[in-house]
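Below you'll find the structure, written out as structure tokens, and then a few comments.
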Amino acid sequence: MTGRLWGVGLGPGDPELVTVKAARLIGEADVIAFHSARHGRSIARSVAAPYLREGQVEEALIYPLTTETTDHPGGYQGAIDDFYAACAVRLAAHLDAGRDVVVLCEGDPLFYGSYMHMHKRLSHRYVTEVVPGVTSVSGASAVLGRPLVERDEVLTVLPGTLPAEVLAERLASTDSAAVLKLGRTFTKVRDALAEAGRLDEAWYVERATTGQQRLAPLAEVDPGSVPYFSLALIPSPVNATGPAPAAGTGNTGEVRARGEVVVVGLGPAGRPWLTPEAQEALAGVDELVGYGPYLDRVPPNPRQRRHPTDNRVEAERAAHALELAAAGSRVAVVSSGDPGVFAMASAVLEVACEPRFADVPVRVLPGLTAAHAVASRAGAPLGHDYCVLSLSDLLKPWEVVAERISAAAKADLVLAIYNPASKSRTWQVAAARDLLLEHRAPETPVVVGRDVGGARESMTVTTLGDLDPDTVDMRCLLLVGSSTTRVVERGDGGRVVFTPRRYPA
């Protein structure tokens, strides 16, 4: 059996940018082939060196000439064709003997790569596979920190060996461009960029991703210092106004988005109750503001600053978040459940409407509110019209709460009751029960959901007449049924609570 031929791309120069597959094949191959100039030093071999093993046969394919020195009757092209043909014969001898051959190639083997000359001469005779590599163009874009193309832009890749007038014409008619094979062509390429009116946009990138990497505005580069392994790059015009890379590095400096406040609903418990939109918003912000226990539900990220506060300073918390955003930070204000239901959205928007914060963008992202979470565990008690209210009298007088309870009870609405009790408020549950009993039968179903979605979740189904206020605390939410709400024991042993969608005539 004959051996297998592999054309293996090594990327732009950093050995860590060699693909996993390329590294494996290099280590497994019987024969490693690589090109070099007459000095014998091979960049390709130096990149692959960490992956070579003892005992491998190395075939150094050394170019015997340069473009200026040949007496071949066919000129330079004839001489180089003979060289490639001789190299193919050498590699074919290994393949015929059953030895697998890896031909190393900087960048990508089929992108201006030296391997392609072996491919054209051998791939029709032997089983061949090409392993792509990161191109020099991609490497240069990465170290500059500038996108090549965006949206509908066009990227043109040109060899510096083209005539000056062709280069100028192509450079003038494209959005982004990469010009390879600089070296002795540099002056011509620079003049073509100037002729096309693109010189001020062009960057010079030398030996990208290696320890000898050099970056500079192309107009400032000395032609005598330019090696073959360099290129000119005109990045995406959309990003042309971004910060300049630091000289000799790929550091693009700090880029800050415009500040904003996003009010995020965390849902009733952990990550499974968090919407993808909320997860994305939390991941993208610089600062997190909220009540301490709610902030604890957001996984820590050392890039982000956290500002926990007490639960009773909503206006101050909102102002702090808006001040951070006005200074340029992206800020998330977190709320349990849905931020628009007895939570931080209204507090933030109230402060945001002050003139000093008029230019600070504010977004509100919904979350799964506690009423819906508890209802889902019980069945469908909110299947018909329902009312949502809070028993807390911290921000409104109890007289208003009592009037609303009576009105909802008289209207035969299912009630979702938030904030039923706390350490300092222990009497409102009993008072609300008594108000409801003035209009509801004692047999009216009541669902008590505690810590739904959490580790200590519990669900209790009772009746309005049997509701024990001592079993209710701040971790609970109450759902009080209407006259049509039903509790049904099902054949599987489960019990469901639901309110039919049809109301009796």
Side-chain angles (χ1 to χ4, degrees), residues 268 291 310-315 335-347 349-350 369-375 377-378 380-452 458-487 497-499 503-504:
Y291 176 44
D310 183 79
N311 199 29
R312 299 194 179 192
V313 291
E314 291 185 349
S335 272
S336 181
D338 184 286
V341 180
F342 303 122
M344 280 302 299
S346 58
L349 290 171
E350 185 175 359
T369 188
H372 298 159
V374 173
R377 294 294 203 236
L382 303 181
H384 208 288
D385 300 339
Y386 65 94
C387 167
V388 176
L389 57 85
S390 169
L391 287 194
S392 174
D393 58 354
L394 293 176
L395 301 176
K396 62 181 182 292
W398 173 253
E399 290 75 18
V400 172
V401 179
E403 289 176 3
R404 291 176 178 177
I405 292 172
S406 296
K410 185 176 181 180
D412 200 23
L413 296 171
V414 175
L415 277 80
I417 300 177
Y418 285 70
N419 307 316
S422 68
K423 291 181 179 179
S424 62
R425 294 188 299 104
T426 58
W427 57 271
Q428 282 95 335
V429 175
R433 178 197 59 194
D434 295 343
L435 288 169
L436 290 165
L437 285 170
E438 293 177 8
H439 304 280
R440 301 279 171 91
E443 297 79 19
T444 300
V446 175
V447 177
V448 181
R450 173 181 281 104
D451 193 30
V452 170
S458 66
M459 294 291 297
T460 302
V461 179
T462 183
T463 63
L464 193 57
D466 291 336
L467 177 62
D468 181 2
D470 292 338
T471 64
V472 178
D473 57 31
M474 197 63 177
R475 299 289 295 172
C476 294
L477 181 133
L478 307 182
L479 297 178
V480 181
S482 69
S483 63
T484 63
T485 301
R486 298 171 58 190
V487 179
V497 182
F498 67 96
T499 304
Y503 201 77

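Quick caveat: nothing in here was measured; it's all calculated off a predicted structure. The first residue in the sequence is number 1, and the count goes up from there.
Between Leu467 and Val448 the shortest side-chain heavy-atom distance falls below 4.5 Å. With contacts defined as side-chain heavy-atom distances shorter than 4.5 Å, the pair His372/Val452 does not qualify. In this structure the side chain of Leu415 never reaches within 4.5 angstrom of the side chain of Leu478, judged on heavy atoms. The shortest side-chain heavy-atom distance between His384 and Ser482 does not fall under the 4.5 Å cut-off. Proximity of Pro420 to Leu477: side-chain heavy atoms (C-beta onward) are nowhere separated by under 4.5 Å. With a 4.5 Å cut-off on side-chain heavy atoms, Val480 and Ile417 count as touching. In this structure, Cys387 and Leu389 have side chains that are in contact, with non-hydrogen atoms separated by less than 4.5 Å. In this structure, Ser392 and Arg425 have side chains that are in contact, with non-hydrogen atoms separated by less than 4.5 Å.
Summarising the geometry of Trp398 relative to Ile405, their closest heavy-atom pair is CH2-CD1, 4.2 Å, with the distance given to 0.1 Å. Smallest separation of non-hydrogen atoms from Leu437 and Pro442: CD2-CA, 3.8 Å.
In this structure, CG in Asn419 is found 11.5 Å from SG in Cys476, a value given to the nearest 0.5 Å. To the nearest 0.5 angstrom, Ser458 atom OG is 10.5 Å from Arg475 atom CZ. Annotation: the span from Leu479 atom CG to Met459 atom CE amounts to 7.0 Å, rounded to 0.5 Å. From Leu391, atom CG reaches atom CE of Met474 across 9.5 Å, with rounding to the nearest 0.5 Å. Rounding to the nearest 0.5 Å gives a distance of 11.5 Å between NE2 of His439 and CG of Leu464.
Atom CG of Leu394 has more than 12 neighbouring heavy atoms from other residues, nucleotides or ligands inside a 6.0 Å radius. More than 12 heavy-atom neighbours from other residues, nucleotides or ligands sit within 6.0 angstrom of NZ on Lys396.
Side-chain contact, Asp412 with Tyr503: a donor N or O sits under 3.5 Å from an acceptor N or O. Looking only at atom types and distance, the side chain of Thr460 has no donor-acceptor partner in the side chain of Thr462 under 3.5 Å away. A donor-acceptor pair shorter than 3.5 Å can be found between the side chains of Thr463 and Asp466. In this model, a donor atom of one side chain and an acceptor atom of the other lie less than 3.5 Å apart for Thr499 and Thr485. Side-chain contact annotation: Tyr418 with Thr369, donor-acceptor N/O pair under 3.5 Å present.
Although no hydrogens or angles enter the test, the distance criterion places no donor-acceptor pair under 3.5 Å between the side chain of Ser335 and the main chain of Asp338. Side-chain atoms of Arg404 do not come within 3.5 Å of backbone N or O of Ser390 as any donor-acceptor pair. Under the 3.5 Å distance criterion, the side-chain polar atoms of Ser406 are matched with a main-chain donor or acceptor of Ala402.
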